[in-house]
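In what follows, a single structure is set out as structure tokens and then discussed.
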Amino acid sequence: MPPILPPPTPCAADSTPRPAGDAVPHRNQKPPTHRQRCRITTSSSSSPLSAARVLIANDPTPRAFSALFKAASSSSPSPSLGSQLHAQAVVRGFLGDGDNTILSTAVLNFYASCREPDLARRVFDRMARRNAVTWNALIKGNHGGGCVQELGGAVHAQVVKSGLDKDPFVGASLVSMYAATGALEDVKVVFDDVDTLDPVVWSSMISAYINCKEEEAALLTFYKMLCQDIKPRQFVYSSLFAICGSMSMLEMGRQVHAHSLKNITDKDAAMTNALLTMYSDCGCIDDAWRVFESNDIVDVISYNSMILALGQHAQPKEAAELFRQMKFSGLIPDEVTLLNLLSAFNHAGLVHEGLHLFDSMLDIEGIKPTYQHYACVIDMLARSGEIEESMKTIKEMPFEAETSLWRIVLGACSKHGDIETGMKIAEMLFEMEPYEPTNYILLGNICARLGRWVEAEKVRSLMEKRGIDGDDAFSWIEMGQTTHKFGVDDRSHPISEEIYRNLDRLIGSIKAAGYVPDTNFATHSTEKDRREESLRYHCEKLAFAFGDLASPSGDTLRIMKNLRVCGDCHSAYKYFSLVTGRKIVLRDNHRFHHFYNGACSCGDYW
DNA sequence: CGGGGTTGGG
């Protein structure tokens, strides 16, 4: 028999001061009525452990057990607490042979939320009767539990046999179960069989497409849903905002925002947070601020999202100020908060502030640095030129460095021309992941920056010999309803000739203003004038030349690039903003650059 | 007793 619940003395999980009004029976109190016994457990769902003590101290009903399991499932479930409760219920004979579908389902659901599919399965097998809810709980235990392939299909077959595949609750669960493993074909089968007039099934279908990286299909599903006259709820809008943000579809994002204002009256933190992030991801930090400030449901994630956004948009001071405001408002920062603030300092090269925060994390904020925090600080040290210090930190940290972290340091070596350390790391990386193109490109860049063109060429030919190809660079810009995409030297655009003419004109005027092409960034050619030529038609320059042509002068241009912006283009953009008087927001794969009046918000540190 | 969403960016 498993141990019974711990005695009601303070323990690690329950040492926090008890909030006023929490249900703790006083010694001289009358025993609670049956009604009260049910209510006690549900009202103290914020503290399952203390609720559990209350329950066991009194005379619990099966119904009370159910409520307790429910409470325990929602807030970071603890498997040990669950199994103890389970044992208590067994002792009382509540899970005997009789009809106890409701309590059994509650137990089942508890194990499911703890990701204990085996235990869940055992409870399920012992149940005398099963209904849609039971099946649903079992399915929930399957995805995320890691045994989906083996069990998922079998469960699905059983569900079909019992005729419950029409049930929208079960359908929604099955959809997300299959989506978790990327089994889109199975998702579609479930979706077609289920009663699709249910809004949640549509919602889970949209999420399924997002999980499987089919963003367009997700949007299409949204349209189909509207055509069926189904009113979207907050869940759907948060998914859509996430899509629009990740794809930088500002126009679409604004439309979905307007749509949500018409359809959603009650506020919802998750939806608003997604909206905030959408505007930030589309380069509109001001709109993100507006959403944040007009939001009266502000939670930790709201602050985290806004601090992240400010960091990405090169506003570390504002991020730090918001962090203070967050603590002042009584919200407790979590590890993501600290990570986002650290990364805000990192983006801006505020090494001193970053190190100070990192060193005081545990003592002042009570948060133990995770691997991510270390990686951020190591990135910060390396990029600011403290490569030795960053190597030391890697050795000292209580985690094993992953290849992505080594790659960051390699990038820093390239930036600071540390060829020795760079070579060492590159060799190690070639061993660990011989087919990762970035490693070759970074090492090639180190050689190129030091003018060692022969060695740079060697790295390139090695890449070719191994059949490795880097990602093609491309940039895109939204104009009204259309997205215009440009590759390097791309001439496929319908008005390509005009674009090239405009770019030549622009380059002429920025050269007159003092722009000098930085040929260090042209690694594809060894002769100097060929190198300059190869820089001239980089995709981000083409995108700007097009945007400048296609929009009224003075408009802000928002341009995206799939890779990190090249140094020469960064310099050219500063001059572009000077000679055209435009504001330019450039999003690369890492952060945002705001160009205005000849300068960039990143202060040339990136 | 039940289903769907948001932050950390690779």
Side-chain angles (χ1 to χ4, degrees), chain A residues 62-63 65-70 73 100-110 112-113 123 127 130-141 143 164 167-177 179 190 194 198-208 210-211 218 232-243 245-246 268-278 280-281 291-292 295 297 299-309 311-312 333-344 370-373 375-376 402-405 407-408 436 438 471 589-591:
Chain A
R63 183 81 183 76
F65 263 109
S66 301
L68 186 52
F69 273 111
K70 188 192 173 189
S73 312
N100 44 53
T101 314
I102 291 177
L103 180 54
S104 297
T105 305
V107 179
L108 176 58
N109 199 34
F110 178 83
S113 63
V123 176
M127 289 177 71
R130 295 154 191 155
N131 57 24
V133 184
T134 324
W135 283 109
N136 214 9
L138 183 66
I139 296 165
K140 198 172 135 201
H143 66 86
L164 283 167
D167 184 283
F169 279 80
V170 175
S173 287
L174 281 173
V175 163
S176 57
M177 178 188 87
V190 176
V194 86
D198 185 289
V200 180
V201 175
W202 284 90
S203 175
S204 61
M205 192 61 204
I206 290 171
S207 308
I210 295 174
N211 275 338
R233 300 196 211 161
Q234 290 103 327
F235 278 85
V236 174
Y237 287 113
S238 16
S239 301
L240 287 177
F241 290 144
I243 298 177
S246 69
D268 180 303
M271 190 183 104
T272 316
N273 296 338
L275 180 64
L276 184 170
T277 301
M278 185 273 285
S280 169
D281 283 348
V291 173
F292 180 80
N295 184 13
I297 306 175
D299 61 5
V300 172
I301 295 183
S302 311
Y303 275 98
N304 290 358
S305 308
M306 196 64 220
I307 289 171
L308 175 72
Q312 289 172 326
D334 63 10
E335 57 227 28
V336 180
T337 320
L338 273 288
L339 184 61
N340 292 357
L341 186 57
L342 262 182
S343 112
T370 66
Y371 174 79
Q372 307 251 46
H373 296 99
C376 189
E402 293 169 14
T403 53
S404 57
L405 183 55
R407 228 178 295 132
I408 286 170
E436 171 59 51
T438 325
D471 286 345
N589 62 351
H590 207 57
R591 58 174 300 165

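Protein chains get the first letters and strands the later ones, always in sequence-line order, with residue 1 at the start of each.
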Practice task
For A/Met306, report the nucleic acid contact type (base, sugar-phosphate, nothing); a contact means any heavy atom under 4.0 Å.
Solution key: nothing
Handout entry: Nearest-neighbour nucleotide for the A/Val200 side chain, B/dT6, B/dG2, B/dG4 considered
Key = B/dG4
Exercise for the section: Would you indicate what A/Ser238 reaches in the nucleic acid, counting non-hydrogen atoms under 4.0 angstrom: base, sugar-phosphate, or nothing? Expected result: base
Handout entry: Protein-nucleotide distance (A/Asn304, atom CG; B/dT7, atom P), rounded to Å
Key = 11 Å
Practice task
Starting at atom CD of A/Gln312, determine the distance to atom P of B/dT7, rounded to an integer number of angstrom.
Solution key: 11 Å
Exercise for the section: Mind checking A/Asp198 for me? I need base, sugar-phosphate or nothing, with any heavy atom below 4.0 Å counting as a touch. Expected result: base
Problem - No-H, no-angle donor-acceptor pair, A/Asn273 side chain to B/dG5 base, under 3.5 Å - result: no
Practice task
Answer with yes or no whether the side chains of A/Asn273 and A/Asp299 bring together a donor and an acceptor at under 3.5 Å.
Solution key: yes
Handout entry: Touch class at under 4.0 angstrom, heavy-atom based, for A/Val201 against every strand present
Key = base
Handout entry: Spacing of CZ belonging to A/Arg130 relative to OG belonging to A/Ser104, to within rounding of 0.5 Å
Key = 10.0 Å
Handout entry: Phosphate OP1/OP2 of B/dC1 contacted by A/Arg130 side-chain N/O (<4.0 Å)
Key = no
Problem - Contacts of A/Tyr303 that satisfy ring pair (Phe, Tyr, Trp, His ring centres under 6.0 Å) - sequence neighbours left out - result: A/Phe292
Practice task
Would you mind reading off the distance between A/His590 atom NE2 and B/dG8 atom P, rounded to a whole angstrom?
Solution key: 13 Å
Completion exercise
Out of B/dT7, B/dG10, B/dG3, minimum distance to the side chain of A/Leu308 belongs to B/dT7
Handout entry: Selection from B/dT6, B/dC1, B/dG8 that lies nearest to any side-chain heavy atom of A/Arg63
Key = B/dC1
Practice task
For A/Thr438 and A/Glu436, test the side chains for any donor-to-acceptor distance below 3.5 angstrom and give the result as yes or no.
Solution key: yes
Practice task
Give a yes or no on whether a donor-acceptor pair under 3.5 Å exists between the nucleobase atoms of B/dG4, that is its base, and the side chain of A/Ser204.
Solution key: no
Problem - Protein-nucleotide distance (A/Leu138, atom CG; B/dC1, atom P), rounded to Å - result: 19 Å
Exercise for the section: Report the distance from atom CD of A/Gln234 to atom C1' of B/dT6, rounded to the nearest whole Å. Expected result: 12 Å
Practice task
Would you classify A/Leu339 as touching base, sugar-phosphate or nothing, given that sugar-phosphate means primed atoms plus P, OP1 and OP2, and contacts are heavy atoms under 4.0 Å?
Solution key: sugar-phosphate
Handout entry: Inter-residue atom distance A/Phe110.CZ - A/Leu68.CG, 0.5 Å rounding
Key = 9.0 Å
Practice task
Report which part of the nucleic acid A/Pro199 touches: base, sugar-phosphate, or nothing (heavy-atom distance under 4.0 Å, all strands).
Solution key: nothing
Problem - Residue pair A/Ser343 / A/Asn340, side-chain donor-acceptor N/O under 3.5 Å - result: no
Exercise for the section: Answer with yes or no whether A/Asp268 presents, from its side chain, a donor or acceptor under 3.5 Å of a partner atom in the base of B/dG5. Expected result: yes
Fill in the blank from the handout: With sequence neighbours left out, the residues meeting side-chain hydrogen bond (donor to acceptor under 3.5 Å, both in side chains) with A/Thr403 are A/Glu433
Completion exercise
Whole-Å distance, A/Leu174 CG to B/dG4 C1', equals 13 Å
Handout entry: Among B/dT6, B/dG4, B/dC1, the nucleotide that comes nearest once only the side chain of A/Thr105 is considered
Key = B/dC1
Handout entry: Closest listed nucleotide, where the reference is the side chain of A/Ser66 and the choices are B/dC1, B/dT7, B/dG5
Key = B/dC1
Practice task
Please work out if A/Asp167 contacts a base, only the sugar-phosphate, or nothing of the nucleic acid, heavy-atom cut-off 4.0 Å.
Solution key: base
Exercise for the section: Name the nucleic acid region contacted by A/Ser305, choosing base, sugar-phosphate or nothing; use a 4.0 angstrom heavy-atom cut-off, strictly under. Expected result: sugar-phosphate
Exercise for the section: Report which part of the nucleic acid A/Ala309 touches: base, sugar-phosphate, or nothing (heavy-atom distance under 4.0 Å, all strands). Expected result: nothing
Handout entry: Nearest-nucleotide pick for A/Ala242, side chain only, options being B/dT6, B/dG10, B/dG3
Key = B/dT6
Handout entry: Residue A/Val170, side-chain atoms from C-beta onward, closest of B/dT6, B/dG2, B/dG3
Key = B/dG2
Exercise for the section: Could you state the atom-to-atom distance from CZ of A/Phe110 to C1' of B/dG2 in whole Å? Expected result: 17 Å
Practice task
Can you tell me the distance, in whole Å, between the CG atom of A/Leu240 and the P atom of B/dT6?
Solution key: 11 Å
Practice task
Answer with base, sugar-phosphate or nothing: what part of the nucleic acid does A/Gln372 contact at a heavy-atom distance below 4.0 Å?
Solution key: nothing
